[in-house]
There are 2 protein chains.
Amino acid sequence: MLICVAKRRSYHQHCGLARALDVVGERWTLLIIRDLLLGPRRYTDFLRSLDGITTNLLAERLAHLVAEGLVEQAELAPPGRAQVYRLTSAGAELEPVVMELARWGWRYLAKPRRGDRFDPGWALLSMKRRYPGGLDRQVGFEVEGRAFWVSLGEKMDVVEGALPPSEAVAALHAEAFKMLFFGAATVQALEQEGELQIRGDRQAILEVAHALRPPSRL
Amino acid sequence: MLICVAKRRSYHQHCGLARALDVVGERWTLLIIRDLLLGPRRYTDFLRSLDGITTNLLAERLAHLVAEGLVEQAELAPPGRAQVYRLTSAGAELEPVVMELARWGWRYLAKPRRGDRFDPGWALLSMKRRYPGGLDRQVGFEVEGRAFWVSLGEKMDVVEGALPPSEAVAALHAEAFKMLFFGAATVQALEQEGELQIRGDRQAILEVAHALRPPSRL
DNA sequence: CCGGATCCGTAACGATACTG
DNA sequence: CAGTATCGTTACGGATCCGG
């Protein structure tokens, strides 16, 4: 009987970058972190979001992240009582890493590839770096059955899922959200075309959308 | 005869992070970028620095980075006339990504692993984020036959290789440099022990070392 | 020596099926 | 729902070889 010590692949370099990549450099890992930045997730949430990942690989990545202390498991309060994965504080400190990579990769989004999946959560996350600060608004976005809660204060916070009610909620389809994200449409235009409905404080939605508008092309 | 279209693996997500990882997420890629941030490199430079990479993989990674427009090949001026790889502007824009990952991975460097390679170039790169600005100094570091030129102005620049002469040069061994990097020693202490020699403006070296000192442990 | 290309074994990954 | 088990495929690692 052989006892196999799990020997992870490593660059064996005493360098912050190399050590970081030793831990989170494997395939899918940072995408899992990105999803968790929107709040706790269940196993099947990942399977839905990370289209193409296989169940064994997801299980292995999650186990590794838990072992590294970047992710922890928790039980959701009743009546849900489902088990979820959530970031630890060490894992949450990966946010600047994710944001920098997303910022650099933004250039490739200008020419969309056919068949690529779009998720409003990913878009909202990347909007964090657009927010210049100075507002105090809490609004919600409902996109095809999913709810995102955006809080603009000193910083921008965004989480997916049920949360305290906000001043206003905008409901729209993913395609419309995509257009907002890329500046191909405005809230007013989408509203006129019936692609966007606002409940509550309309001004709040307009202010938030304006604060998070894409950088002008010049 | 089959014509095979090179089909790269992709996450197929319309997301900046996923697209970035599609391009630079493969093994070794960001380490190659890191090395290039110190200046142009030759093929064999990579082989020496990236201990463990194989020649076929290095060739493939470089070819891919060139194809993506992040790296370009150039001929060094005579009498060297060697071919080198260097970053394009798009590639150089990966510096914040590398720095953020290195910052996050810094925590793992506190407990060194046996057998990990140390490179003063990697250390100097990660010192960029320590520099608070406000100085105007150019100094050199000679570490076991390698020359690094550090310029502190509005920002910190560091390149490896021959460059315009600086105000001062400090010569030391890698182990001594490591101690400086981690705050386990000071320039004065190393000098007294004969582990560090200064040519030229001693004050310049002291100022640079102080500006780049590791964050205090509290 | 430099700058790779080629071949092959192994480990990581991907697809599918199955289970408590 | 939350995984495990099995198996084929691809990427990676190790070694050698080759033209300039």
Side-chain angles (χ1 to χ4, degrees), chain A residues 2 4-13 18 21-32 35-36 40-67 71-76 78-86, chain B residues 2 4-13 18 21-32 35-36 40-67 71-76 78-86 115 117:
Chain A
L2 269 174
C4 255
V5 223
K7 203 174 57 175
R8 282 182 61 79
R9 182 138 67 176
S10 163
Y11 291 113
H12 295 296
Q13 295 183 0
L21 292 174
D22 277 347
V23 177
V24 298
E26 291 179 286
R27 197 158 163 73
W28 297 108
T29 303
L30 281 176
L31 299 186
I32 291 173
D35 280 11
L36 284 172
R41 296 284 163 135
R42 300 163 60 158
Y43 189 83
T44 42
D45 292 334
F46 290 116
L47 285 181
R48 258 191 298 275
S49 169
L50 306 178
D51 191 46
I53 198 174
T54 51
T55 63
N56 52 357
L57 211 47
L58 174 58
E60 198 216 300
R61 292 291 184 270
L62 286 171
H64 172 239
L65 287 172
V66 168
V71 169
E72 59 189 3
Q73 279 184 286
E75 290 239 343
L76 229 48
R81 217 174 47 174
Q83 53 181 318
V84 293
Y85 294 90
R86 67 177 173 209
Chain B
L2 270 174
C4 255
V5 222
K7 202 174 57 175
R8 283 182 60 79
R9 194 186 280 185
S10 163
Y11 291 114
H12 295 296
Q13 295 183 359
L21 292 174
D22 278 347
V23 177
V24 298
E26 290 178 287
R27 199 160 161 72
W28 297 108
T29 303
L30 281 176
L31 299 186
I32 291 173
D35 279 11
L36 284 171
R41 295 285 163 135
R42 302 167 59 164
Y43 188 84
T44 42
D45 291 334
F46 290 116
L47 284 182
R48 260 191 296 276
S49 169
L50 306 178
D51 189 46
I53 199 174
T54 51
T55 63
N56 52 356
L57 212 47
L58 175 58
E60 197 216 298
R61 291 293 183 268
L62 286 171
H64 172 241
L65 288 171
V66 169
V71 168
E72 59 189 5
Q73 281 184 284
E75 291 239 342
L76 230 46
R81 217 174 48 175
Q83 55 179 317
V84 293
Y85 294 91
R86 67 177 173 209
R117 287 165 45 88

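Within every chain, numbering begins at 1; the chains are lettered A, B, ... in the order of the sequence lines, protein sequences first and strands thereafter. Since the structure is predicted, the reported quantities are computational estimates derived from the model, not experimental observations.
- Between A:Tyr85 and A:Ile32 there is no side-chain heavy-atom pair separated by less than 4.5 Å.
- For B:Leu50 and D:dC12, the CG to P distance is 14 Å, given to the nearest whole Å.
- Distance from the side chain of A:Asn56 is smallest for D:dT6 among the nucleotides D:dG13, D:dT6, D:dA2.
- Across the protein-nucleic acid pair, B:Leu58 atom CG and D:dG14 atom C1' stand 15 Å apart, rounded to whole Å.
- Taking the side chain as every heavy atom from C-beta outward, B:Gln13 and A:Leu31 approach each other to under 4.5 Å.
- Taking the side chain of A:Arg42 as heavy atoms from C-beta on, and the options D:dT10, D:dA2, D:dG13, the nearest nucleotide is D:dA2.
- Nearest-nucleotide positions on DNA chain C for A:Trp28 and B:Thr44 put B:Thr44 closer to the 5' end.
- We find that CD of A:Gln73 is positioned 10 Å from P of D:dA2, with the value rounded to whole Å.
- Of all nucleotides in DNA chain C having an atom under 4.0 Å from a heavy atom of chain B, the first and last in 5' to 3' order are C:dC2 to C:dG14.
- Within the 3.5 Å criterion, the main-chain N or O of B:Trp28 finds a donor-acceptor partner in the side chain of A:Tyr11.
- Two residues are said to be in side-chain contact when any heavy atoms from C-beta on lie closer than 4.5 Å; A:Asp45 and A:Asp35 fail this criterion.
- Judged by closest nucleotide on DNA chain C, B:Gln83 is the one of B:Gln83 and A:Glu60 placed further toward the 5' end.
- Residue whose closest nucleotide on DNA chain D sits further toward the 5' end, between A:Arg9 and A:Leu47: A:Leu47.
- Remark: B:Arg27 is in phosphate contact with D:dG13, judged by side-chain N or O atoms under 4.0 Å from OP1 or OP2.
- Using a 4.5 Å cut-off on side-chain heavy atoms (C-beta onward), B:Tyr43 and B:Gln83 make no contact.
- We find that CG of A:Leu57 is positioned 17 Å from P of D:dT6, with the value rounded to whole Å.
- When rounded to the nearest whole Å, the span between CG of B:Asp22 and P of D:dA11 equals 13 Å.
- The shortest non-hydrogen separation linking A:Arg8 to A:Val23 is NH2-O, 4.2 Å.
- Between A:Tyr85 and the phosphate of D:dC1, there is no side-chain N or O to OP1/OP2 separation shorter than 4.0 Å.
- The distance from atom CZ of A:Arg41 to atom P of D:dA2 is 13 Å, rounded to the nearest whole Å.
- One can place CG of A:Leu62 at 10 Å from P of D:dT4, the figure rounded to the nearest angstrom.
- Atoms CG and CD, on B:Leu65 and B:Glu60 in that order, are 10.0 Å from each other to the nearest 0.5 Å.
- Counting non-hydrogen atoms under 4.0 angstrom, A:Phe46 reaches nothing in the nucleic acid.
- Atom CG in B:Asp51 sits about 18 Å away from atom P in D:dC12, given to the nearest Å.
- Listed for the A:Arg61 side chain is a donor-acceptor partner under 3.5 Å among the backbone atoms of A:Arg27.
- Here the straight-line distance linking atom CG of B:Leu58 with atom CG of B:Leu47 works out to 5.0 Å at 0.5 Å rounding.
- B:Arg117 is not listed as a side-chain neighbour of A:His12, based on a closest heavy-atom distance of 4.5 Å or more.
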Problem - Under the 3.5 Å Watson-Crick or G-U criterion, the dot-bracket string of DNA chain D, with | for inter-strand pairs - result: ||||||||||||||||||||

